[in-house]
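Atoms considered below: every heavy atom in the structure, side chains included; atoms not considered: hydrogens, waters and symmetry mates. Quick caveat: nothing in here was measured; it's all calculated off a predicted structure. Whatever order the structure lists ligands and atoms in, that order sets their numbers, starting from 1.
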Amino acid sequence: MENYTTNKSVLSWIEDKIALVKPDNIVWIDGSEEQIEALRAEGCSTGEMIKLNQELLPDCYLHRTAVNDVARVEARTFICTKTKAEAGPTNNWMEPDEAYKMLYDIARDSYKGRTMYMGPVGSKFSKIGIELTDSIYVVLNMAIMTRTGLDVLKALGDSDDWVRGLHCKCQIDEEKRYICQFPQDNTIISVNSGYGGNVLLGKKCFALRIASYQGWKEGWQAEHMLILGLKKPDGQLRYICAAFPSACGKTNLAMLIPPEGYKKNGYEVFTVGDDISWIRKGPDGRLYAINPENGFFGVAPGTNEKSNPNALAATKKGTIFTNVCHNLDDNTVWWEKLDNNPPTNAIDWKGNPWDGRTATEPGANPNSRFTAPAKNCPCISDQFENPDGVPISAMLFGGRRAKLAPLVYQSRDWNHGVFVGSIMSSETTAAAAGAVGVVRRDPMAMLPFCGYDMAEYWQHWLDIGKTLDPDKAPKIFNVNWFRKDEDGNFLWPGFGDNLRVLDWIIDRCEGKVDAVETPIGYVPKPEDINLEGIEDEVSEAQLKEILSVDNNLWKEEAEGIAQFYKKFTDFGSKIPAELLDEFETLKKNVQ
Ligand code: GTP
Ligand code: SPV
Ligand code: MN
């Protein structure tokens with residue numbers, strides 16, 4: 001091991017963990033293509049990975065997780081801070097010593113007969129972590145999702161500022177599945193899962209839960225936000241960050257294809273990130289965002305040539321598919337809404353024979369995913385690797401609300417924007433285990449990902465705002481692509497047509513368009529949302545409806561907000577006074 005690093009904190013932590021889990025073999029991941037190729041071959045020889053048609057899908061593989069292990073497990077995710085108060089009312093909490101003991105008992109000897117893979121992950125500019133795992137699938141995914149390799153160890157030098165990650169796939173026992181974050185020890189331990197967000201420890205565990213805590217201590221922010229660049233006909237680029245809960249449209253918005261008329265006029269969208277933003281103030285006083293990831297772990301179902309051709313193109317090489325349907329006729333993959341030709345000779349995500357003509361169950365799991373290299377994406381931004389990040393003009397919050405929230409509204413100022421983020425709510429999706437379609441509060445889309453007391457997190461947002469010149473601060477908006485009519489049909493076509501809303505948002509940021517003041521903020525005048533050339537007809541009446549604000553519904557909403565805030569006061573958390581003031585204003589406004 002000393003050949004790779006002489007860093008004492010790294011060596012002693014790893015030696016400790018080797019003594020705990022007792023692997024038969026130990027492999028350092030150096031990030032080389034040869035090593036990755038050898039691991040793919042080994043994964044295929046054991047059946048862990050399935051090699052797909054290499055002519056149609058070069059370097060692409062399929063993996064199926066256990067049927068009870070297909071989504072993040074929020075009920076089994078813990079923030080292990082010294083006190084319960086530090087974790088706040090919205091997180092599960094465990095006392096760190098107790099948690100370590102329980103996790104080490106599960107992890108003890110669990111690598112016997114297995115190989116331990118050790119990969120340093122992270123980027124030059126950002127943060128460094130090392131994940132120990134006994135899963136080739138995890139190694140291959142991490143090699144796509146992060147900048148992995150020995151250069152990272154060199155960059156770390158002798159520092160002990162790195163995140164320790166231990167993953168034990170062990171036996172898949174749901175009752176012993178735990179995803180534990182120890183923000184005060186820069187440590188993550190994940191046991192008894194082999195699925196995405198539970199085990200790719202660089203993603204939600206590090207880049208959001210641990211990083212949000214680091215950002216709080218160090219004066220920056222880790223957010224569940226996409227980053228896109230919007231080029232307008234004037235040739236200038238503006239950047240937008242958007243926080244939507246899991247499976248609520250971040251990847252789709254980040255890779256948006258402008259409607260024909262817009263394209264002709266010179267509009268273009270570039271993707272900087274599709275899931276996570278690290279945000280800090282730049283020397284010019286504006287907020288800048290980087291994407292700490294190197295790939296996309298995207299929802300497969302619903303991705304198609306029309307909804308998101310850029311994401312689809314990104315999956316054509318070097319991609320790992322998880323829990324999709326395997327088409328045996330041509331050894332490719334399929335998922336619901338990929339096209340209208342489901343395979344007839346296939347294996348479904350559970351590993352059973354599947355025929356699209358007669359099937360009554362989906363061929364792909366609703367939370368099946370692709371892990372695709374960011375560089376494959378046809379619209380990847382030329383700023384993707386810029387270590388300084390991109391300057392943010394607007395921040396968007398949004399979720400799935402069938403009735404309440406209008407298509408778009410703008411907050412009155414930063415503090416009101418933070419309030420709008422704090423009261424976000426959305427219907428749950430298949431991205432997390434549990435019921436789907438239930439409305440729940442998900443502040444800033446961070447409910448499952450905030451590594452400390454959410455009330456302190458809101459305070460952190462407000463404190464950042466205080467350091468910003470209001471002229472330079474991003475403007476904050478809320479969007480809702482998911483308003484439905486009485487029959488349950490979406491009232492807004494969404495996808496590429498969302499550019500019509502982004503266009504208004506940028507014009508608002510630049511003071512180029514008026515708006516209507518409502519009790520909840522500023523909404524567009526209907527005539528300022530350009531519907532020219534829209535394919536799925538949106539009538540004037542329909543547009544008026546989705547821009548409308550119903551005071552009665554908002555009065556009901558205020559009760560929901562009061563209940564949610566009460567959770568904090570009951571727990572002993574301190575909701576910032578600014579947010580309580582904003583709440584009073586809202587209640588007065590909707591009277
Ligand atoms: P995570 O990776 O879980 O964080 O999800 P995400 O926020 O990146 O969501 P994604 O873009 O993958 O979209 C999830 C689902 O929402 C897919 O089924 C999409 O088809 C659907 N979706 C995305 N954008 C829109 C939209 O504008 N309108 C409608 N109606 N559906 C959308
Ligand atoms: C999400 O659930 O928000 C995801 C997928 O992006 S996972 O990596 O599983 O968290
Ligand atoms: Mn996500």
Open item on the list: If we ignore hydrogens and angles and just use 3.5 Å, is the side chain of N291 paired with the main-chain N or O of V272 as donor and acceptor?
Closed with: yes
Task: Backbone of N198 reached by a side-chain donor or acceptor of S190 within 3.5 Å - done: yes
So [X] and [Y], would you call those rings parallel, tilted or perpendicular, with 30° and 60° as cut-offs?
X	Y	value
W335	F370	tilted
Y452	W216	parallel
W220	W278	tilted

TODO: Just let me know how L200 lines up against ligand 2, side chain, backbone, both or neither, with a heavy-atom cut-off below 4.0 Å.
DONE: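 No part of L200 comes within reach of ligand 2.
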Cation-pi check, [X] to [Y]: give yes when NZ or CZ is under 6.0 Å from the six-membered ring centre and within 45° of the ring axis, no otherwise.
X	Y	answer
R508	F477	no
R147	F384	yes
R164	W162	yes

Note down each nitrogen or oxygen pair, ligand 1 side and protein side, whose separation is under 3.5 Å; give only atom names and the distance to 0.1 Å.
from	atom 1	to	atom 2	distance (Å)
ligand 1	2 (O)	R369	NH1	2.7
ligand 1	3 (O)	A247	N	2.9
ligand 1	3 (O)	R369	NH1	3.4
ligand 1	3 (O)	R369	NH2	2.8
ligand 1	4 (O)	K250	NZ	2.8
ligand 1	4 (O)	D275	OD1	3.0
ligand 1	5 (O)	A247	N	2.7
ligand 1	7 (O)	C248	N	3.3
ligand 1	7 (O)	G249	N	3.2
ligand 1	7 (O)	K250	N	2.8
ligand 1	7 (O)	K250	NZ	2.8
ligand 1	8 (O)	K250	N	3.4
ligand 1	8 (O)	T251	N	2.8
ligand 1	8 (O)	T251	OG1	2.9
ligand 1	9 (O)	C248	N	3.4
ligand 1	9 (O)	G249	N	2.9
ligand 1	11 (O)	K250	N	3.4
ligand 1	11 (O)	T251	N	3.1
ligand 1	11 (O)	N252	N	2.9
ligand 1	11 (O)	N252	ND2	2.8
ligand 1	13 (O)	G249	N	3.4
ligand 1	13 (O)	N252	ND2	3.4
ligand 1	16 (O)	R400	NH2	3.0
ligand 1	27 (O)	F495	N	2.9
ligand 1	27 (O)	N498	ND2	3.0

Enumerated ligand 2 atoms positioned under 4.0 Å from heavy atoms of [X]:
X	value
Y195	9 (O)
A431	2 (O)
D275	6 (O)

Task: Protein N/O/S atoms closer than 2.8 Å to the Mn ion (ligand 3) - done: K204 NZ, H224 NE2, D275 OD1
Backbone or side-chain N or O of [X] under 3.5 Å from ligand 2 N or O:
X	result
K250	no
G197	yes
K204	yes

Open item on the list: Any donor-acceptor pair under 3.5 Å linking the side-chain atoms of N186 with those of Q214?
Closed with: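 The criterion, which ignores hydrogens and geometry beyond distance, is satisfied for N186 and Q214.
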TODO: Tell me yes or no: between the side chains of W504 and N530, is some donor less than 3.5 Å from an acceptor?
DONE: no
TODO: Applying side-chain hydrogen bond (donor to acceptor under 3.5 Å, both in side chains), run through T90 and R441 and close with a yes or a no.
DONE: CA-CA 10 Å; T90 58; R441 300 275 146 206; over 6 Å; no
Task: Which atom of I179 lies closest to which atom of Q181, heavy atoms considered - done: O-NE2, 3.4 Å
TODO: Go through the steps to decide whether E74 and K204 satisfy the test salt bridge (charged side-chain N to carboxylate O under 4.0 Å, His left out), and finish with yes or no.
DONE: CA-CA 12 Å; E74 295 180 4; K204 295 304 168 44; over 6 Å; no
